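Computed from a prediction, not measured in an experiment: that's the story for all the values here. Residues take their numbers from the sequence shown, with the count starting at 1.
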Amino acid sequence: MKNYTFDTTIEKEVLENYLSRAVTAAFFIHTKTLEDDLRAIKNMGVKFIGRASGIWTPDPDDEEHFRKSKYLADRVHEVDTEIILQACIFEAVYRHIESFKVPAYVFEAFGLEPEERGFHFDAMKFPEEPKGFIWGEDGALPDINRLETRMWFYYRATKYIDAGYEALHLGQIHLYTANDRGMVKMSELIDMIRAYGKEHARRHKILLDAHSHGISIRGRLLLDYNAMPFTRYPVLDREGEKLVLVREGFSEGGVNPNGWSADVMPYLMEYDNWGGKVAGDFDTCTYEERAFKDWWGYDQIGWFANQDNEGQKHFLEYTYKWTQINNVNAYFEVPFRRGLDSAAVRMKRVDNGEMDYQDYYQINTKSSECPMGFSQEETMKEIWSMGDELRKKAGNPSDLIEYGGKNIYDEETGMKLPQKIVVYGSFQPYVGAVKNDSGSDVTRMYYIGNNTYTLSVIIPFAGEYDFAISTYGTLSATYSSDTYPRSGSTNKSYFKVEKDNTVVQFRYTFLDNIVTVETFE
């Protein structure tokens, strides 16, 4: 049994246990199918519910917003008291928040005399008004360097903590801290939020993340874990609108706020959203043009929701396995509920048999209680049952930036090892690289010691593929089927993938020039 126990601080293993059963349920407080959602949460074994509350554009009644937030938390904790719910404080403020009263305790927390007033929208904006930071007369990206912004963030954080939320997502932190050199003010604010959580949170702990690869200040990390969306590459030689995920990014290590240290911090990866359709009229785009417009003309969750049932099932399994082997410290935050906006899906309702538009992706099994569910609940439950075996057997090294092999010499001969070794071939487009690119960093191999380089990839579609190893990222000496080098791009061997979503691990030993390929299903 996995351990989900914590109080005041959270151990790395416990945090990872929660992240391994994380879902994103955006604006969950507004769900119209709560009873079935709670059933699905229990059935799947969810332990972390991301983005459950929060505002992008404010609800008209802020007190009602927090009443709904608390009601949801209470209902979820009736299902499982261990579940962590996350709320969001985004990088967006609007003039409407001037109707939200600033509580006395917020003034006092910042050493100010309480006043009878609402939040001042104009006092939160970037004074320089950078392009894209001001949205008309009534919307803006806030400046954390300004006291009013910090008061707003603190207010929302404390209200969510009081409502039973134990995690906060702080949005695109690198944007609103642009004027906060060294994140001095942000650090002070986070200390205040943590202090409030230590006294008032359910388990005396508030977990903080943001869209960031990590923020280290003198070796100490600002966030408990990081969060980031996936990156894609379109596949054009398969029927339909296929894409693959691309290996990138890093999660900064250091001393965690909970007291333990690690070279790489745990992090969540998710299907993000930013409006649904991003290409206005699909009919006016060529096939190739659409392929490179974000995710085939959609945001990430919009593309996913518009795949058929089998396509969604395939991509969920693919994403889960891809995350385990490419980012061994990362965890797939499964879409449970996510807004589709202009990418709404037309489907038949179960309750009345009529066609309707579903403007939220819901993982629930379709039923009279959730008449427009996408029926991937059991799929994800089965995928989760795979556990972490792939992560242990075939995961790439945790440091995605450092490939290793720098200033390494063979002990016997004294010969310097190549720092760059690349595996290339016809499989490359299926892992996000250009076909036959012998210098690609996407398929660059990691040095793991003992003259050996390795790389694991996931191949989404069954079939036969060719490959070879290029030393130094060039074609002057390539290896494949035997230990003898060839020059040029024609020296290839083949590997066969029997099933979709199969993990393939390449291994190359320098000087002995032995190349092996192993598959994991």
Side-chain angles (χ1 to χ4, degrees), residues 23-41 44 46 49-61 64-65 68-69 71-72 85-88 90 92 94 96 135 139 169 171 229-230 241 270-283 290 293-309 311-313 315-316 319 333-377 379-380:
V23 300
T24 177
F27 307 118
F28 196 13
I29 63 169
H30 299 306
T31 181
K32 298 176 182 177
T33 57
L34 178 59
E35 299 307 319
D36 195 64
D37 297 336
L38 296 174
R39 178 204 58 76
I41 286 168
M44 292 173 63
V46 173
I49 304 176
R51 297 177 180 250
S53 188
I55 56 172
W56 183 261
T57 53
D59 295 333
D61 186 335
E64 178 64 14
H65 170 82
K68 287 181 178 179
S69 298
Y71 176 76
L72 175 65
L85 286 102
Q86 180 193 66
C88 302
F90 290 116
Y94 296 87
H96 177 68
W135 313 322
H169 173 68
F230 291 100
E241 300 165 358
E270 62 181 345
Y271 302 156
D272 207 350
N273 71 283
W274 52 86
K277 278 188 176 182
V278 298
D281 184 0
F282 284 2
D283 294 334
R290 258 194 71 198
K293 286 183 179 290
D294 291 358
W295 289 36
W296 288 92
Y298 297 99
D299 64 14
Q300 297 180 0
I301 190 64
W303 172 85
F304 174 74
N306 277 275
Q307 305 306 297
D308 62 21
N309 186 272
Q312 290 177 24
K313 184 175 182 179
F315 203 72
L316 285 171
T319 305
E333 189 174 10
V334 176
F336 186 91
R337 182 181 193 272
R338 198 89 194 224
L340 299 177
D341 299 308
S342 60
V345 177
R346 185 168 169 79
M347 64 170 65
K348 183 180 285 188
R349 299 179 63 98
V350 166
D351 50 357
N352 58 22
E354 296 181 0
M355 297 299 294
D356 198 356
Y357 280 98
Q358 169 62 295
D359 59 358
Y360 268 86
Y361 176 83
Q362 290 184 276
I363 203 170
N364 311 44
T365 300
K366 187 180 288 188
S367 67
S368 56
E369 287 72 35
C370 186
M372 292 196 289
F374 284 76
S375 297
Q376 296 298 341
E377 172 188 335
T379 298
M380 202 58 229

Kindly give the heavy-atom pair with the smallest separation between [X] and [Y], and that separation in Å.
X: Ala25; Y: Ile49; value: CB-CG2, 3.7 Å
X: Ala305; Y: Phe374; value: O-CE2, 3.5 Å
X: Phe230; Y: Gln300; value: O-NE2, 2.8 Å
X: Met372; Y: Gln358; value: O-NE2, 2.9 Å
X: Tyr94; Y: Gly139; value: CD2-CA, 3.7 Å
X: Tyr357; Y: Ala344; value: CD2-O, 4.0 Å

Open item on the list: Can you classify the ring geometry of Phe315 versus Phe304 as parallel (below 30°), tilted (30 to 60°) or perpendicular (above 60°)?
Closed with: tilted
TODO: Please list, chain by chain and in numerical order, all residues satisfying side-chain contact (heavy atoms from CB on, under 4.5 Å) with Lys293, sequence neighbours excluded.
DONE: Ala279, Cys285
Task: All side-chain contact (heavy atoms from CB on, under 4.5 Å) counterparts of Gln307, not counting sequence neighbours - done: Glu241, Trp303, Gln312
TODO: Verify whether the ring centers belonging to Tyr298 and Phe282 lie closer than 6.0 Å.
DONE: yes
Open item on the list: Does anything in residues 26-41 form a salt bridge (charged side-chain N to carboxylate O under 4.0 Å, His left out)? List the pairs, not counting sequence neighbours.
Closed with: Glu35-Arg75, Asp36-Arg39, Arg39-Glu377
Rounded to the nearest 0.5 Å, what separation is found between the [atom1] atom of [X] and the [atom2] atom of [Y]?
X: Glu369; Y: Leu38; atom1: CD; atom2: CG; answer: 12.5 Å
X: Arg290; Y: Asp281; atom1: CZ; atom2: CG; answer: 10.5 Å
X: Gln362; Y: Asp359; atom1: CD; atom2: CG; answer: 9.0 Å
X: Leu85; Y: Leu72; atom1: CG; atom2: CG; answer: 6.0 Å
X: Thr24; Y: Glu333; atom1: OG1; atom2: CD; answer: 4.5 Å
X: Ile29; Y: Ile55; atom1: CD1; atom2: CD1; answer: 9.0 Å

Main chain of [Y], side chain of [X]: is a donor-acceptor contact present, judged purely on distance under 3.5 Å?
X: Arg337; Y: Phe27; result: yes
X: Asp59; Y: Glu64; result: no
X: Ser342; Y: Lys277; result: yes
X: Ser53; Y: Ala87; result: no
X: Gln86; Y: Gly50; result: no
X: Asp299; Y: Gly276; result: yes

TODO: Take Phe28 and Val23, measure what side-chain contact (heavy atoms from CB on, under 4.5 Å) needs, and give me the verdict at the end.
DONE: CA-CA 11 Å; Phe28 196 13; Val23 300; over 6 Å; no
TODO: Consider only side-chain N and O atoms of Asp294 and Trp274, and report whether a donor and an acceptor are under 3.5 Å apart.
DONE: yes
TODO: Assess Arg338 against Tyr361: is NZ or CZ under 6.0 Å from the centre of the six-membered ring, and within 45 degrees of the ring's axis?
DONE: no
- [ ] Please examine the side chains of Cys370 and Val350, heavy atoms only from C-beta on, and report whether any two atoms are closer than 4.5 Å.
- [x] no
Open item on the list: Can you confirm whether Phe336 sits close enough to Arg51 that some side-chain heavy atom of one is under 4.5 Å from a side-chain heavy atom of the other?
Closed with: no
